[in-house]
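Structure record follows, encoded as structure tokens.
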Amino acid sequence: MKRLQDRVTLVTGSSSGIGAAVAESMAAEGAKVVVNYARSSKGAEAVVEKIKAFGGDAIAVQADVSQEDQVKNMFQKVIDTYGTIDVLVNNAGLQKDANLVDMTLEQWNKVIDVNLTGQFLCAREAAKEFIRRGVTPEKSCAAGVIICMSSVHEVIPWAGHCNYAASKGGVMLFMQSIAQELAAYKIRINSIAPGAIKTPINKEAWETPEAEAELLKLIPYNRVGVPEDIGKAAVWLASDEAEYVHGTTIFVDGGMTLYPGFATGG
Ligand SMILES: NC(=O)c1ccc[n+]([C@@H]2O[C@H](COP(=O)([O-])OP(=O)(O)OC[C@H]3O[C@@H](n4cnc5c(N)ncnc54)[C@H](OP(=O)(O)O)[C@@H]3O)[C@@H](O)[C@H]2O)c1
């Protein structure tokens, strides 16, 4: 029996980067995976094909997670296709970087809408279905699992990215609050906080050797992360091996939150 056998798993923003790796890792453990995307249908289809190629089960569903009607339609599609949902990975996210004095309201709103409101809209729909259905003992001892993709920037301030840091700080207290609220239903909710992971979102930070060397100064483990590092953590967190892990953030960051600037001084 694989660790996520037959668990219906929606991974938002899984046409690329971390979400794609999480979708593939979960499918490899037996999950039926819904690959959500906003614009990149080709990327989403490629992930679905990769999963099917190793005998997994997956479909692609388009929806902008910041739009309430689209999120509701997506959940309806998941339930129409697979009958229910067992795991939600709230992963979709983006950056619109600017210094405070140059940041437009549009840049601010876009990041908050996708990174924070999107997590609220999807968690709400998932929780309704988890509560309606309850525990399915042959699948899991949880009535449902939600994993929120946060960031080390839920705790590390980030000049030039105040909209992003505010969205992830918001995700932290959102996750903890709903974890408190839904524990009695046996719904488990946690966050993963990645450090620097090689994906398109942060390409300029690692695509040249000079940029990567600069980035490594922030990573005690001396390796930039890859999406599969997050996939492995997500599989474990969704599985019953993590049954008693609830309302917390797992940092997968090579030690970035150890304040490496203090390693030789301070
Ligand atoms: N990479 C890192 O170092 C890092 C570190 C910490 C946290 N994270 C977090 O990890 C998550 C994934 O980031 P990534 O690095 O994998 O970035 P990425 O490669 O740019 O992927 C972002 C994904 O989000 C989707 N997306 C964007 N807007 C969306 C919307 N409105 N509705 C639905 N999907 C949407 C994109 O789909 P489309 O292309 O179809 O729009 C894409 O699949 C984000 O929440 C990010 O904040 C990343």
Side-chain angles (χ1 to χ4, degrees), residues 10-25 33-48 60-75 88-97 107 109-122 125 147-156 158 161 163-172 174-175 191-207 211-212 215-216 218-219 223-231 233-234 249-254 256-257:
L10 167 60
V11 186
T12 67
S14 49
S15 54
S16 168
I18 290 173
V22 169
E24 288 161 21
S25 303
V33 176
V34 180
V35 176
N36 159 253
Y37 66 99
R39 293 171 308 257
S40 311
S41 59
K42 277 192 182 150
E45 284 305 335
V47 174
V48 167
V61 178
Q62 195 274 336
D64 178 340
V65 296
S66 67
Q67 301 300 313
E68 186 173 28
D69 53 339
Q70 294 186 34
V71 169
K72 287 189 168 180
N73 289 341
M74 172 167 66
F75 275 81
L88 166 68
V89 184
N90 256 336
N91 169 78
L94 43 72
Q95 291 179 214
K96 297 280 175 198
D97 306 330
Q107 287 172 314
N109 281 341
K110 183 73 180 173
V111 170
I112 298 296
D113 286 351
V114 174
N115 295 12
L116 184 56
T117 307
Q119 296 222 8
F120 153 68
L121 290 171
C122 292
E125 295 313 304
I147 298 171
C148 298
M149 203 56 71
S150 184
S151 162
V152 290
H153 296 294
E154 75 169 41
V155 293
I156 302 179
W158 204 13
H161 310 260
N163 48 359
Y164 185 84
S167 75
K168 297 301 185 180
V171 164
M172 179 178 68
F174 170 68
M175 178 280 289
S191 288
I192 295 176
I197 309 295
K198 287 187 177 180
T199 75
I201 210 175
N202 57 359
K203 213 169 170 200
E204 70 288 350
W206 52 263
E207 67 183 340
E212 184 159 351
L215 183 58
L216 286 173
L218 300 174
I219 307 172
R223 165 170 82 72
V224 181
V226 290
E228 293 68 27
D229 290 320
I230 309 302
T249 298
I250 309 280
F251 287 82
V252 183
D253 68 351
M256 191 176 245
T257 36

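We use all heavy atoms of the structure for the numbers below, so side chains are in, but hydrogens, waters and symmetry mates are not. In listed order, ligands and their atoms are each counted from 1.
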Looking at Trp206 and Ile197, what are the two nearest heavy atoms and their distance? NE1-O, 4.3 Å
Just jot down the side chain to side chain contact (heavy atoms under 4.5 Å, CB included) partners of Gln67, sequence neighbours excluded, or say none. Asp64, Asp69, Gln70
For residues 149-156, please give each side-chain donor-acceptor pair under 3.5 Å, one per line with the distance, not counting sequence neighbours.
residue: Ser150; atom: OG; partner: Glu154; partner atom: OE1; Å: 2.6
residue: Ser151; atom: OG; partner: His153; partner atom: N; Å: 2.9
residue: His153; atom: ND1; partner: Ile156; partner atom: O; Å: 3.0
residue: Glu154; atom: OE2; partner: Thr249; partner atom: OG1; Å: 3.0

May I have the N/O to N/O pairs between ligand 1 and the protein that fall below 3.5 Å, each with atom names and distance to one decimal?
residue: ligand 1; atom: 1 (N); partner: Ile197; partner atom: O; Å: 3.1
residue: ligand 1; atom: 1 (N); partner: Thr199; partner atom: OG1; Å: 3.2
residue: ligand 1; atom: 3 (O); partner: Gly195; partner atom: O; Å: 3.3
residue: ligand 1; atom: 3 (O); partner: Ile197; partner atom: N; Å: 2.8
residue: ligand 1; atom: 3 (O); partner: Ile197; partner atom: O; Å: 3.2
residue: ligand 1; atom: 3 (O); partner: Asn202; partner atom: ND2; Å: 2.9
residue: ligand 1; atom: 15 (O); partner: Thr199; partner atom: OG1; Å: 2.5
residue: ligand 1; atom: 16 (O); partner: Ile18; partner atom: N; Å: 2.8
residue: ligand 1; atom: 19 (O); partner: Ser16; partner atom: OG; Å: 2.6
residue: ligand 1; atom: 31 (N); partner: Asp64; partner atom: OD1; Å: 2.8
residue: ligand 1; atom: 32 (N); partner: Val65; partner atom: N; Å: 3.0
residue: ligand 1; atom: 37 (O); partner: Ser15; partner atom: OG; Å: 3.2
residue: ligand 1; atom: 39 (O); partner: Ser40; partner atom: OG; Å: 2.5
residue: ligand 1; atom: 40 (O); partner: Ala38; partner atom: N; Å: 3.0
residue: ligand 1; atom: 40 (O); partner: Arg39; partner atom: N; Å: 2.7
residue: ligand 1; atom: 40 (O); partner: Ser40; partner atom: N; Å: 2.7
residue: ligand 1; atom: 40 (O); partner: Ser40; partner atom: OG; Å: 3.2
residue: ligand 1; atom: 41 (O); partner: Arg39; partner atom: NH2; Å: 3.0
residue: ligand 1; atom: 43 (O); partner: Gly13; partner atom: O; Å: 3.1
residue: ligand 1; atom: 43 (O); partner: Ser15; partner atom: N; Å: 3.3
residue: ligand 1; atom: 43 (O); partner: Ser15; partner atom: OG; Å: 2.8
residue: ligand 1; atom: 45 (O); partner: Asn91; partner atom: O; Å: 2.8
residue: ligand 1; atom: 45 (O); partner: Lys168; partner atom: NZ; Å: 3.0
residue: ligand 1; atom: 47 (O); partner: Tyr164; partner atom: OH; Å: 2.6
residue: ligand 1; atom: 47 (O); partner: Lys168; partner atom: NZ; Å: 3.0

Using atom types as modelled, flag every donor-acceptor pair under 3.5 Å from a side chain in residues 34-45 to any protein atom, sequence neighbours excluded.
residue: Asn36; atom: OD1; partner: Gly13; partner atom: N; Å: 3.0
residue: Asn36; atom: ND2; partner: Val61; partner atom: O; Å: 3.2
residue: Asn36; atom: ND2; partner: Ala63; partner atom: O; Å: 3.1

If I take atom CD from residue Glu207 and atom CG from residue Leu215, how far apart are they, to the nearest 0.5 angstrom? 12.0 Å
How close do Phe75 and Leu10 get, heavy atom to heavy atom, and via which atoms? CZ-CD2, 3.6 Å
